[in-house]
Amino acid sequence: MEMFKYMETYDYEQLVFCQDKASGLKAIIAIHDTTLGPALGGTRMWTYASEEDAIIDALRLAKGMTYKNAAAGLNLGGGKTVIIGDPKKDKNEAMFRAFGRYIQSLNGRYITAEDVGTTVNDMDTIHEETDFVTGISPAFGSSGNPSPVTAYGVYKGMKAAAKQAYGVDSLEGRTVAVQGVGNVAYKLCEYLYKEGANLIVTDINKEAVQRAVENYGAKAVEPDEIYSVYCDIYAPCALGATINDETIPQLKATIVAGAANNQLKETRHGDILHEKGIVYAPDYVINAGGVINVADELNGYDSERAMKRVETIYDNLMRVFAISKRDNIPTYVAADRMAEERIQGLQQSRSTFLLNGHHIISRR
Ligand SMILES: NC(=O)C1=CN([C@@H]2O[C@H](COP(=O)(O)OP(=O)(O)OC[C@H]3O[C@@H](n4cnc5c(N)ncnc54)[C@H](O)[C@@H]3O)[C@@H](O)[C@H]2O)C=CC1
Ligand SMILES: CC(C)CC(=O)C(=O)O
């Protein structure tokens, strides 16, 4: 992979490789764009098939955060970390402390939080070494686990998508097929169940499936069956790239709306959804609840204020749908346009982010 060529093509600012032999830390911090402010994005711990896969994941996720933070109206840029390893077996305190020191060395250009494979406890360990971490324990006056708030945002966004598709935003009686019932989606299922939606769920973790079956009356299907079930809404809430050449022909849903990052395998898959008349809620717009919540910590965390802001996801999606309809463009293009316009509009008045005494984090 020609790294600088890739970074130049997609306008990345910085890629940092962090290695600590004693603890086994192998982390890649990708900073995409800091026009709007310091790069905020979570840390994913995952077993990658190759180092190149890990680098590509970090880069793609970081770019997604630039767009997510811009579209959510946050004064934050986009970044992300991946730690190579199995979160069930390879974690240790020294690893997250070493990682915290690497974050500190960036002097505020990058602020981290949870993502798949990392927890509030990990963020607390990172916090032993740096202030540039969010999603730390409520005991520190912080916001804790972002997943339930992400779920609330996805639920609100799903209602916006229903309004667009059906003219009413009630989800009562609608059937939602949920792929992956982990931290975000289990809470999402609770919101949907309470509103009277029917749930079909799948997960590679049988216990996660069982929980949703027992508590929310969900019907369970095998992981490869979820794409073809009869439903109104397909909610991808596991990992990315599940909207692809194999899955699109199987979909019966009129809406795709879920929590996963990078849902479209390639952008052309967003074009195909548009051509088929499927309402696609762009991933980074609908799943911004978590980052909105952790970003509120930078102002001294206030849960009520954060939840109010998360509710704007509904309006942000309605704007995206309106742009898509007006210009007859796929919703993912409309969302990109909305985010890019905000970044470009502010580019004139900001230069690349540097710690200059007006650091956003100095407010807490
Ligand atoms: N946690 C958060 O606040 C946010 C999460 N996201 C994204 O939402 C997605 C879910 O996040 P979490 O719930 O935190 O992760 P999680 O790890 O708690 O849940 C993911 C679930 O998907 C399951 N899974 C993995 N591969 C699968 C497959 N092939 N088929 C079926 N199930 C599969 C896992 O067993 C797990 O239960 C991720 O893509 C994440 O990046 C995005 C924004 C914020
Ligand atoms: C989990 C969030 C706190 C931030 C993030 O990395 C995301 O939204 O993907």
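Only this structure's heavy atoms are used, side chains among them; waters, hydrogens and symmetry mates stay out. This chain uses plain numbering: 1 for the first residue, then up along the sequence.
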(message) Classify the ring geometry of Tyr216 against Tyr193: parallel below 30°, tilted from 30° to 60°, perpendicular beyond 60°.
(response)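 The rings of Tyr216 and Tyr193 sit tilted, inter-plane angle from 30° to 60°.
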
Minimum heavy-atom distance [X]-[Y], with the two atoms named:
X      : Y      : answer
Pro282 : Leu317 : CD-CD2, 3.8 Å
Ser23  : Ala98  : OG-CB, 4.3 Å
Leu171 : Lys159 : CD1-CG, 3.7 Å

So, [X] and [Y]: side-chain donor and acceptor under 3.5 Å apart, yes or no?
X      : Y      : result
Asn293 : Tyr301 : yes
Ser147 : Asn145 : yes
Tyr67  : Asp33  : no
Gln179 : Tyr227 : yes
Tyr155 : Glu195 : yes
Thr125 : Asp122 : no
Tyr332 : Asp271 : yes

N/O donor-acceptor pair under 3.5 Å between [X] side chain and [Y] backbone:
X      : Y      : answer
Lys80  : Gly64  : no
Ser324 : Ile329 : yes
Arg342 : Leu74  : yes
Tyr102 : Gln19  : yes
His32  : Tyr10  : yes
Thr247 : Thr242 : yes
Glu297 : Gly135 : yes
Ser137 : Ala139 : no
Ser228 : Gln250 : no
Thr254 : Asp232 : yes

(message) Which residues pass the side-chain hydrogen bond (donor to acceptor under 3.5 Å, both in side chains) test with Arg60, not counting sequence neighbours?
(response)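 If we apply the side-chain hydrogen bond (donor to acceptor under 3.5 Å, both in side chains) test to Arg60, skipping adjacent residues, there are no hits.
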
(request) State whether the number of non-hydrogen atoms from other residues, nucleotides or ligands found under 6.0 Å of Lys252 atom NZ is greater than 12. (result)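 For Lys252, atom NZ is crowded (more than 12 foreign heavy atoms under 6.0 Å).
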
(request) Check the surroundings of atom CZ in Arg97: do more than 12 heavy atoms from other residues, nucleotides or ligands lie under 6.0 Å from it? (result)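 Yes, CZ of Arg97 has more than 12 neighbouring heavy atoms, counting only those of other groups under 6.0 Å.
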
Which distance, rounded to the nearest 0.5 Å, do you find between the [atom1] of [X] and the [atom2] of [Y]?
X      : Y      : atom1 : atom2 : result
Ile292 : Glu311 : CD1   : CD    : 10.5 Å
Lys91  : Met45  : NZ    : CE    : 6.5 Å
Leu25  : Asn92  : CG    : CG    : 9.0 Å
Gln347 : Ile343 : CD    : CD1   : 7.5 Å
Glu114 : Thr150 : CD    : OG1   : 9.5 Å
Met338 : Asp336 : CE    : CG    : 10.0 Å

Looking at [Y] and [X], is there a salt bridge between them, counting it only when a charged N and a carboxylate O are closer than 4.0 Å?
X      : Y      : result
Arg268 : Asp245 : yes
Asp327 : Arg337 : yes
Glu8   : Lys5   : no
Glu190 : Lys194 : yes
Asp169 : Lys163 : no

(message) Less than 6.0 angstrom from the centroid, inside 45 degrees of the normal: does Lys156 satisfy that with respect to the ring of Tyr314?
(response)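 Pair Lys156/Tyr314 does not count as cation-pi.
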
(message) Centroid separation under 6.0 Å, is that true for the rings of Tyr191 and Tyr152?
(response)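 They qualify: ring centres under 6.0 Å apart.
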
(message) If hydrophobic clusters are built from ILVMFWY residues whose side chains come within less than 4.5 Å, do Tyr186 and Val154 share one?
(response)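 In one cluster: yes.
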
(request) Examine Val213 and Val184 and state if one hydrophobic cluster contains both, with Ile, Leu, Val, Met, Phe, Trp and Tyr joined whenever side-chain heavy atoms are less than 4.5 Å apart. (result)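 As far as the 4.5 Å side-chain criterion goes, Val184 and Val213 are not connected within one cluster.
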
